[in-house]
Amino acid sequence: MQNNLTIYNTLTRQKEIFKPLHPPFTGLYVCGPTVYSNAHLGHARPAITFDLLYRYLLHLGYKVRYVRNITDVGHLENDADEGEDKIEKTARIEHLEPMEVVQNYMNTFHRNMDQLNTLKPSIEPRASGHIIEQQEFIKHLLNNGYAYEVNGSVYFDVLKYSRKYKYGKLSGRVLEELQANTRVLEGQDEKHNPVDFALWKKATPEHLMKWPSEWSDGYPGWHLECSAMSVKYLGEVFDIHGGGMDLQFPHHECEIAQSTAALGKESVRYWMHNNMITINGQKMARSLGNFITLDQFFSGDHEMLEQRYSPMTVRFFVLQAHYRSTVDFSNEALQAAEKGFQRLFKGIETLKKLKPSDESTLDINDLRKKCYEAMDDDLNSPVLLSHLFEAVKYINSVNDGSEKLNSADLDTMKNLFNTFVFEILGLKDETEGKTDEKLTGDLMKIIIKLRQEAKNKKEWAVSDKIRGDLKNAGIVLKDHKDGADWERE
RNA sequence: GGUCGGUUAACCGAGUGGCUAGGUAGUGGUCUGCAAAACCAUUUACGGCGGUUCGAAUCCGCCACCGACCUCCA
């Protein structure tokens with residue numbers, strides 16, 4: 001399994017050549033959503049980023065097991081609330097069962113992910129379905145002496161851990177400074193140290209989501225599910241763990257601590273983190289209330305949106321930036337992405353119609369090499385797109401007759417677009433698959449022919465009326481030298 | 001205050017010590033009964049101040065500004 005893929009490992013803060021532990025197999029774990037509200041643009045970022053990685057690994061020939069969890073227990077909303085479980089809180093407001101809320105938002109999330117054309121993970125485990133595994137994990141930590149029980153809750157002993165291992169290695173935190181900076185808040189008296197974190201929390205009587213355990217009726221700590229489920233499905237040591245940059249600390253740091261303490265070794269080989277989507281320069285987040293949901297993008301139903309943006313426009317928008325850069329939302333940027341996406345796909349349409357020449361004026365192998373180099377360079381999708389746009393320009397020139405492609409190169413070019421645009425970038429033609437497409441096409445041919453006859457007789461009023469009426473019906477005619485094309489508005 | 005990252009033209013967004021990234025918009029042109037579209041060509045850059053270098057947007061230092069995270073029961 002040869003490849004030149006390099007990925008930026010947050011652990012070492014540099015790009016490293018990707019070498020899986022057990023080729024051709026490779027494991028990928030990505031932190032999925034907490035399903036207590038509708039998915040917003042921020043959720044699209046990791047989904048698309050790691051979909052790109054998953055697709056590229058598949059393309060390179062790896063047998064990938066892609067695990068993305070659904071968090072359906074735990075998580076607090078913010079400092080203001082009184083320790084209510086996020087999911088439980090929403091449940092109370094809407095008078096629904098907690099699991100009904102979970103199901104509802106999970107369904108929406110899945111629909112949105114399908115719209116964005118992300119491939120489904122191999123396994124999508126839910127925290128609530130792995131309570132026993134999490135409890136087993138806690139027992140392991142208690143036996144190892146890295147956890148302690150107080151009043152039915154179990155906490156991880158960070159200080160003890162740090163005597164043997166380095167706590168904070170992923171996020172660059174220094175334990176002493178963390179202790180110095182920790183805010184002193186109520187409810188921590190159970191902990192031996194403020195930096196300790198919960199593995200199991202005893203539930204209050206009114207808490208709805210709780211499970212029996214030998215310590216108490218309660219619920220697992222947030223960080224635990226990822227450790228327990230990744231080990232279960234990918235093994236004690238696996239290749240890639242991904243997630244948003246905002247999860248680096250404390251979530252992933254605690255995951256590392258738990259797993260290392262329980263297993264006695266590093267569990268994750270490559271840590272990858274996508275950057276944030278910003279809006280007016282600030283992170284788009286549920287908790288900040290500055291989010292626009294994916295459904296709102298797709299429908300245009302939000303006061304900040306000047307128009308609707310199709311799922312592929314959103315996907316293209318995300319891919320046009322490198323995953324480790326922030327991307328700032330704006331209508332202008334989305335509209336530019338929409339136009340760019342259309343230009344790319346018009347190029348593909350033109351490519352389909354090209355006639356081969358006897359010779360080629362393009363070094364197609366060089367183009368292919370550049371495309372692979374871009375992807376190998378830590379998934380540099382914007383550079384890949386720039387090469388594809390260069391190719392589009394070339395395709396148009398061939399169409400105009402100023403450049404040439406021979407038959408073999410033409411096939412290679414089609415292949416290249418198929419591979420990179422559809423297979424790897426995961427873009428798709430949104431006009432395809434509509435019903436009666438063939439019939440519509442045939443009808444349009446007849447209409448255009450009739451109009452052409454009118455034009456030949458210089459009956460401009462007739463031809464303009466046809467064009468105008470079609471426009472009212474949502475169809476745009478585009479005249480050119482030998483005939484006319486049409487497309488939906 | 002600490003840790004990490006960023007500051008590129010009208011907007012978005014790559015990037016290497018010397019060679020036009022790319023997209024959108026703008027401008028000019030081709031095509032055209034008109035319109036639209038399409039295509040071609042093309043203008044405006046590298047936060048500030050120093051330093052290293054024959055040469056720096058790219059390396060180093062300082063400053064300014066912006067952002068993420070800094071555990072609460074999760």
Side-chain angles (χ1 to χ4, degrees), chain A residues 10 13 34 71 73-86 153 158 168 171-174 176-178 180-188 190-191 194-198 201-204 207 219-224 244-251 253-254 273 275-276 278 281-283 285 316-317 320-322 324-344 346 350 374 377 380-390 392-393 396-397 399-400 402 455 458-460 463-464 467-468 471 476-481 484-487:
Chain A
T10 310
R13 304 203 177 268
T34 302
T71 298
V73 299
H75 277 235
L76 287 183
E77 193 142 10
N78 54 44
D79 293 30
D81 72 44
E82 294 299 309
E84 257 185 320
D85 185 298
K86 273 182 176 174
S153 292
V158 172
S171 56
R173 298 298 197 284
V174 178
E176 289 71 30
E177 289 172 1
L178 282 173
N181 286 329
T182 300
R183 292 172 290 173
V184 178
L185 293 172
E186 286 179 49
Q188 333 192 106
E190 285 184 354
K191 293 183 183 177
V195 295
D196 291 350
F197 54 89
K201 279 302 293 181
K202 180 180 179 178
T204 55
H207 204 104
Y219 49 96
W222 169 34
H223 313 304
L224 195 56
M245 260 181 198
D246 52 349
L247 295 178
Q248 252 177 53
F249 190 90
H251 183 52
E253 204 69 75
C254 293
H273 291 94
N275 215 320
M276 303 290 103
T278 59
Q282 199 180 33
K283 168 185 166 186
F316 187 89
F317 172 71
Q320 228 181 357
H322 188 256
R324 282 191 288 114
S325 303
T326 55
V327 179
D328 199 51
F329 154 82
S330 71
N331 280 285
E332 224 178 342
L334 260 304
Q335 283 157 15
E338 182 177 59
K339 291 275 181 59
F341 175 71
Q342 285 167 0
R343 178 173 159 84
L344 183 65
K346 275 168 188 160
T350 306
D377 185 14
N380 200 329
S381 53
V383 166
L384 171 60
L385 281 168
S386 80
H387 294 319
L388 293 173
F389 276 112
E390 287 291 321
V392 165
K393 184 185 274 189
N396 288 330
S397 298
N399 194 39
D400 289 349
S402 57
K455 285 176 70 176
K458 297 201 190 298
E459 292 170 355
W460 307 128
S463 74
D464 285 355
R467 185 171 63 196
K471 181 148 174 61
V476 180
L477 276 190
K478 289 185 275 188
D479 289 337
H480 43 81
K481 259 204 298 272
D485 284 334
W486 65 276
E487 62 183 37

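Since we're looking at a predicted model, the values are computed, not measured. Per chain, numbering begins at 1; letters A, B, ... match sequence-line order.
Between U3(B) and G22(B), the two P atoms lie 39 Å apart (nearest whole Å). Distance noted for atom C1' between G1(B) and G18(B): 42 Å (whole Å). The C1' atoms of U58(B) and C46(B) are separated by 10 Å, rounded to the nearest whole Å. Comparing A56(B) with U42(B), their C1' atoms are spaced 27 Å from each other, to the whole Å. Distance check on atom C1': G15(B) versus A21(B) gives 7 Å, rounded to whole Å. With both ends at atom P, the span from G48(B) to A64(B) equals 15 Å, rounded to whole Å. Look at the C1' atom in both C66(B) and U8(B): the space between them is 15 Å, to the nearest Å. A gap of 25 Å separates the P atoms of G47(B) and C69(B), to the nearest Å.
Within 3.5 Å, no donor on the side chain of N380(A) pairs with an acceptor on the base of G15(B), nor the reverse. Scanning atom types as modelled, one donor and one acceptor separated by under 3.5 angstrom connect the side chain of R467(A) and the base of A35(B). At a cut-off of 3.5 angstrom, counting only N and O atoms as typed in the model, there is a donor on one side and an acceptor on the other between the side-chain of S463(A) and the base of G33(B). Between the side chain of R13(A) and the base of C4(B), no donor-acceptor pair of N or O atoms lies under 3.5 Å.
Mapping K346(A) and S330(A) onto RNA chain B via the closest heavy atom, the residue that lands nearer the 5' end is S330(A). Residue order along RNA chain B, read from the 5' end via each residue's closest nucleotide, puts E332(A) first among Q342(A) and E332(A).
Within the shown strands, nothing qualifies as a pairing partner of A56(B) under the Watson-Crick or G-U definition with both distances less than 3.5 Å. Figure legend. U30(B) is base-paired to A38(B); pairs are counted as Watson-Crick or G-U wobble with both atom distances under 3.5 Å. In this structure A14(B) sits in no base pair that meets the Watson-Crick or G-U test at under 3.5 Å. Pair check for U3(B) finds A68(B); Watson-Crick or G-U wobble, both atom distances under 3.5 Å. In this entry U20(B) has no Watson-Crick or G-U wobble partner, no candidate having both defining distances under 3.5 Å.
Other residues, nucleotides and ligands contribute more than 12 heavy atoms inside 6.0 Å of the NZ atom of K283(A).
Rounded to an integer number of Å, the gap from CG of L384(A) to C1' of G13(B) is 14 Å. Here the P atom of nucleotide C39(B) and the CG atom of D400(A) are 9 Å apart, to the nearest Å. Atom-to-atom, CG of D328(A) to P of A68(B) comes out at 11 Å; the value is rounded to the nearest Å. The distance between atom CE of M276(A) and atom C1' of G6(B), rounded to the nearest whole Å, is 14 Å. Atom NE2 of H273(A) is separated from atom P of A68(B) by 17 Å (rounded to the nearest Å). Here the P atom of nucleotide A38(B) and the CG atom of N396(A) are 11 Å apart, to the nearest Å. The nearest whole Å value for the distance from the CG atom in D196(A) to the C1' atom in C72(B) is 14 Å. Atom NZ of K283(A) is separated from atom C1' of C69(B) by 8 Å (rounded to the nearest Å).
One distance of note links CG of N380(A) with CG of L384(A); it measures 8.5 Å at 0.5 Å rounding. We find the NZ-CZ distance between K346(A) and R343(A) to be 10.0 Å, quoted to the nearest 0.5 Å. The structure places CD of E338(A) at 10.5 Å from CG of N331(A), a figure rounded to the nearest 0.5 Å. Between the CG atom of L224(A) and the CZ atom of F197(A) there is a distance of 8.5 Å, given to the nearest 0.5 Å.
Nucleic acid contact for H322(A): sugar-phosphate only, since backbone atoms but no base atoms lie under 4.0 Å from a heavy atom of the residue. Among the atoms of the strands shown, only primed sugar atoms or phosphate atoms (P, OP1, OP2) are found under 4.0 Å from some heavy atom of Q282(A). Within the nucleic acid shown, E390(A) comes within 4.0 Å of sugar-phosphate atoms alone, with no base atom in reach, counting heavy atoms only.
Remark: side-chain polar atoms of S402(A) are paired, donor with acceptor, to backbone N or O of S397(A) under 3.5 angstrom. Without hydrogens or angle criteria, Q248(A) side chain to H273(A) main chain gives no donor-acceptor distance under 3.5 Å.
An aromatic stack links W460(A) and the base of G33(B), using centre distance under 5.5 Å and interplanar angle under 30°.
At C70(B), none of the side-chain N or O atoms of R173(A) fall inside 4.0 Å of OP1 or OP2 (strictly under the cut-off). Between K339(A) and A25(B) there is a side-chain N or O to OP1 or OP2 distance below 4.0 Å. Using a 4.0 Å cut-off, no side-chain N or O of T350(A) falls inside it from OP1 or OP2 of A38(B). One finds no side-chain N or O of K191(A) lying less than 4.0 angstrom from the OP1 or OP2 phosphate oxygen of U71(B).
Here the side chain of Y219(A) is nearest to one of C73(B), A14(B), G22(B), namely C73(B). Of all nucleotides listed (G2(B), G22(B), C40(B)), G22(B) comes nearest to the side chain of Q320(A). For F249(A), the listed nucleotide lying nearest its side chain is U71(B); candidates were G33(B), A68(B), U71(B). When each of C39(B), A68(B), U71(B) is scored by its nearest atom to the side-chain atoms of R343(A), the top-ranked nucleotide is C39(B). Taking only side-chain atoms of F389(A), from C-beta outward, the nucleotide of A68(B), G22(B), U71(B) with the closest atom is G22(B). In this structure, of G33(B), C69(B), U24(B), it is G33(B) that holds the atom nearest to the side chain of D464(A).
Scanning both residues, V195(A) and V158(A), for their nearest heavy atoms gives O-CG2, 3.3 Å.
Using the six-membered ring where Trp is involved, W222(A) and H251(A) have ring planes that are parallel, under 30° apart on the 30 and 60° scheme.
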